[in-house]
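So the structure is just underneath, and the comments pick up after that.
Quick note: numbers below take in every heavy atom, side chains included, and nothing from hydrogens, waters or symmetry partners. The structure displayed is predicted, hence computed values, not measured ones.
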Amino acid sequence: MKLTSVQILRAVAANAVVMSHITAFERAYAGPDRYLQSWYYGAAGVDLFFVISGFLMVAIASDETPLSFLWKRFSRIYPTYWVATAAFLWFSSYYPGLIEPRLPESESTLRTVFLIPIWGDNIIPIAWTLIFEVWFYLVFALVLALRANIWKAMAAWVAVLSFLLARGSPFHIPLYHTSSFLGVEFIMGMFAGMLWKRGVSRFALPALVIGVGLMAVSVFYWAPTFNIGKLLTYQNWRVLFFGVPAVLILYGSIGLEQYARRLPRILVALGNASYSTYLFHLIVLFVVSDLVRRSGWFSGWMDNTAIVVLGLAASNAVAYLIYRCFERPIMSISRIIESATKRAIDAGPIRLPSQQPPAASDNNHI
């Protein structure tokens, strides 16, 4: 199974985040004529990404060697991230009024470039989520290296994070990413992956229906009502408000995929490019919003609508172009390097323990 539904959920997650940020650009560049404030908590797309990451670690990577696992994950994240970082720096240098990224202090350059799990500002504001991803990968690689039972590893990780939560783990501590309760979303995704590998899907339909309902209520009612985005404990609350619905949606989607004759290709394509959408959409939204304001073609609510429609379309179009021209070739090169390295090791005097990973499509190379 290609897990096509996971790619579609990636597209949904990335575009939910885009819509969340569009609200800020719409307000800043077009005024309050038609302000989509209700989409502020489209940031729940991040939580869906975390759940998907945990699922895929178990579903397609649990039989890999730690080195192979880390190579695939890091070669997937870093090259495109470095290109996006360079793009942010270029725009901030030539268009200081257009983009104002958070420039890191000199002593934290290595941390922000290599996404080391230490708290601080990043050149790309949304890179904090990638730091979580890197931390997840390191922990899972340790589980693989120790050949630990995944069920026991998940239980131990939940216990540690729950203990830290009970102790009131602060937000801006240096090692925040390693102790944040957000890690539970990754673990929930791992749990869904274990169920999927065991073929447990009989609750897929009610899970999907309940998950979609809970997510809609959380994004458009509960989260705004309780204003959780302004709380110092926001990152903890989002596990309940967004993480739980996200894992239900994921479990339901993958469970029902076997009954779907055909899934929309355009959504799969957008899912393939979702990483680039996530990394580059802030730049695209800056450019689109500035062009709409400077053009003078729109007035009243029309400029708001133009920013939303053009911003969303351009974010996906630019991302897909980057995916085809850069991301996909980099993934191919990564696989070639890995295969060549394995052949060289097998032909040499030193042999590493071999573990055969399950076959996976390009779409699930994460």
**Study point:** CA sep, side-chain torsions, deciding dist, call: Asn272, Arg328, side-chain contact (heavy atoms from CB on, under 4.5 Å)
**Key:** CA-CA 9 Å; Asn272 293 338; Arg328 197 163 70 169; over 6 Å; no
Point to revise | Steps toward side-chain contact (heavy atoms from CB on, under 4.5 Å) verdict (Tyr29, Leu285) | key: CA-CA 11 Å; Tyr29 286 83; Leu285 293 181; over 6 Å; no
Exercise for review: Determine, stepwise, if the pair Phe220 / Trp39 fulfils ring-ring contact (aromatic ring centres under 6.0 Å, His included).
Suggested key: CA-CA 7 Å; Phe220 298 112; Trp39 271 100; 5.3 Å; yes
**Study point:** Working for side-chain contact (heavy atoms from CB on, under 4.5 Å), residues Phe241 and Tyr41
**Key:** CA-CA 10 Å; Phe241 281 88; Tyr41 288 104; over 6 Å; no
Practice item. Dump the intermediate steps for side-chain contact (heavy atoms from CB on, under 4.5 Å) on Gln235 and Phe181, then the final yes or no. Key: CA-CA 7 Å; Gln235 305 293 34; Phe181 199 64; over 6 Å; no
**Study point:** Test side-chain hydrogen bond (donor to acceptor under 3.5 Å, both in side chains) applied to Tyr176 and Ser180, step by step
**Key:** CA-CA 6 Å; Tyr176 165 72; Ser180 171; 3.2 Å; yes
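To the nearest 0.5 Å, atoms CG (Leu267) and CG (Leu9) are separated by 10.0 Å. Atoms CZ and CG, from Phe203 and Leu208 in turn, are 15.0 Å apart once rounded to the nearest 0.5 Å. Here Leu256 contributes atom CG and Ser201 contributes atom OG; the two are 8.0 Å apart, rounded to the nearest 0.5 Å. Distance check: Leu182 CG to Leu161 CG gives 9.5 Å after rounding to the nearest 0.5 Å. Note that CD of Glu185 is 10.5 Å distant from CG of Leu240, once rounded to the nearest 0.5 Å. Once rounded to the nearest 0.5 Å, the distance linking CD1 of Ile52 with CE of Met57 reads 11.0 Å.
No donor-acceptor pair under 3.5 Å is formed between the side chain of Trp297 and the backbone N or O of Val292. Between the side chain of Trp71 and the backbone N or O of Ser334, at least one donor-acceptor pair lies under 3.5 Å. The closest donor-acceptor contact from the side chain of Ser75 to the backbone of Lys72 lies under 3.5 Å. At distances below 3.5 Å, not a single donor-acceptor pair connects side-chain atoms of Asn15 with backbone N or O atoms of Val18. In this structure a side-chain-to-backbone donor-acceptor pair under 3.5 Å is missing from Ser68 to Glu64. Distance alone, capped at 3.5 Å, places no donor-acceptor pair between the Ser274 side chain and the Leu270 backbone. Without hydrogens or angle criteria, Thr80 side chain to Ile77 main chain gives no donor-acceptor distance under 3.5 Å. Side-chain atoms of Thr23 come within 3.5 Å of backbone atoms of Ser20 as a donor-acceptor pair (strictly under, hydrogens ignored). Between the side chain of Glu257 and the main chain of Ser5, a donor-acceptor pair closer than 3.5 Å is present.
Among residue pairs with one or both ends in residues 147-167, those qualifying as ring-ring contact (aromatic ring centres under 6.0 Å, His included) are Trp151-Phe191, Trp157-Phe186; sequence neighbours excluded.
Below 30°, between 30° and 60°, or above 60°: for Phe114 and Tyr78 the angle between ring planes is between 30° and 60°, a tilted geometry. Taking the six-membered ring for Trp and thresholds of 30 and 60 degrees, Phe50 and Trp128 have ring planes more than 60 degrees apart, a perpendicular arrangement.
Note: Tyr275 and Tyr81 fail the aromatic proximity criterion, with ring centroids not under 6.0 Å apart. Remark: aromatic rings of Phe140 and Phe69 are close, center separation under 6.0 Å.
Considering every non-hydrogen atom in both Met215 and Ala44, the closest pair reads SD-CB, 3.9 Å. Leu250 approaches Ala192 most closely through the heavy-atom pair CD2-CB, 4.4 Å. Closest approach of Pro245 and Ser218 over heavy atoms only: CG-OG, 4.4 Å. For Val51 against Val247, the heavy-atom pair with the smallest separation is CG1-CA, 3.7 Å. Across every non-hydrogen atom of Ile322 and Ser276, the tightest pair is CG2-OG, 3.5 Å. Pairing each heavy atom of Arg73 with each of Ile60, the nearest pair is NH2-CD1, 4.4 Å.
Side-chain atoms of Leu115 and Phe132, non-hydrogen and from C-beta on, never get closer than 4.5 Å to each other. Annotation: side chain of Pro264 is in contact with side chain of Ile8 (closest heavy-atom distance under 4.5 Å). Residues Leu214 and Ile210 have side chains in contact (heavy-atom distance under 4.5 Å, counting atoms from C-beta outward). With a 4.5 Å cut-off on side-chain heavy atoms, Asp303 and Arg293 do not count as touching.
Placement of Val209 and Trp222 within a single hydrophobic cluster is found when ILVMFWY residues are connected by side-chain heavy-atom separations under 4.5 Å, directly or transitively. Under a hydrophobic-cluster definition in which Ile, Leu, Val, Met, Phe, Trp and Tyr are linked whenever side-chain heavy atoms come within less than 4.5 Å, directly or via other members, Tyr259 and Leu205 are assigned to the same cluster. Linking Ile, Leu, Val, Met, Phe, Trp and Tyr residues whenever their side-chain heavy atoms come within less than 4.5 Å places Leu279 and Phe326 in a single cluster. One hydrophobic cluster holds both Ile283 and Trp82 under the rule that ILVMFWY side chains link at heavy-atom gaps under 4.5 Å. Hydrophobic cluster membership differs between Val139 and Leu146, with clusters built from Ile, Leu, Val, Met, Phe, Trp and Tyr side chains linked at under 4.5 angstrom.
Applying the salt bridge (Lys or Arg N to Asp or Glu O under 4.0 Å) test to Arg294 and every residue at least two apart in sequence or in another chain returns Asp290. By the salt bridge (Lys or Arg N to Asp or Glu O under 4.0 Å) test, Glu327 pairs with Arg76, sequence neighbours left out.
In the model, Thr233 has a side-chain atom that pairs as donor or acceptor with a side-chain atom of Trp237 under 3.5 Å. A donor-acceptor contact under 3.5 angstrom links the side chains of Tyr278 and Thr129, judged on distance only. Between the side chains of Asn122 and Arg111, at least one donor-acceptor pair of N or O atoms lies under 3.5 Å.
Applying the 6.0 Å contact sphere to CD1 of Ile266 captures no more than 12 heavy atoms from other residues, nucleotides or ligands. Under a cut-off of 6.0 angstrom, the local environment of OH in Tyr221 is sparse, with at most 12 non-hydrogen atoms contributed by other residues, nucleotides or ligands.
A salt bridge does not link Arg343 with Glu338: every distance from a Lys NZ or Arg NE/NH1/NH2 to an Asp or Glu carboxylate oxygen is 4.0 Å or more.
Judged by a 6.0 Å distance limit and a 45° cone about the ring axis, Arg238 is positioned over the six-membered ring of Tyr234.
Remark: of the listed residues Phe88, Phe280, Phe91, Phe25, Phe25 is the sole one forming a ring-ring contact (aromatic ring centres under 6.0 Å, His included) with Phe286. The only option from Leu312, Thr305, Ile307 that meets the side-chain contact (heavy atoms from CB on, under 4.5 Å) definition with Val309 turns out to be Thr305.
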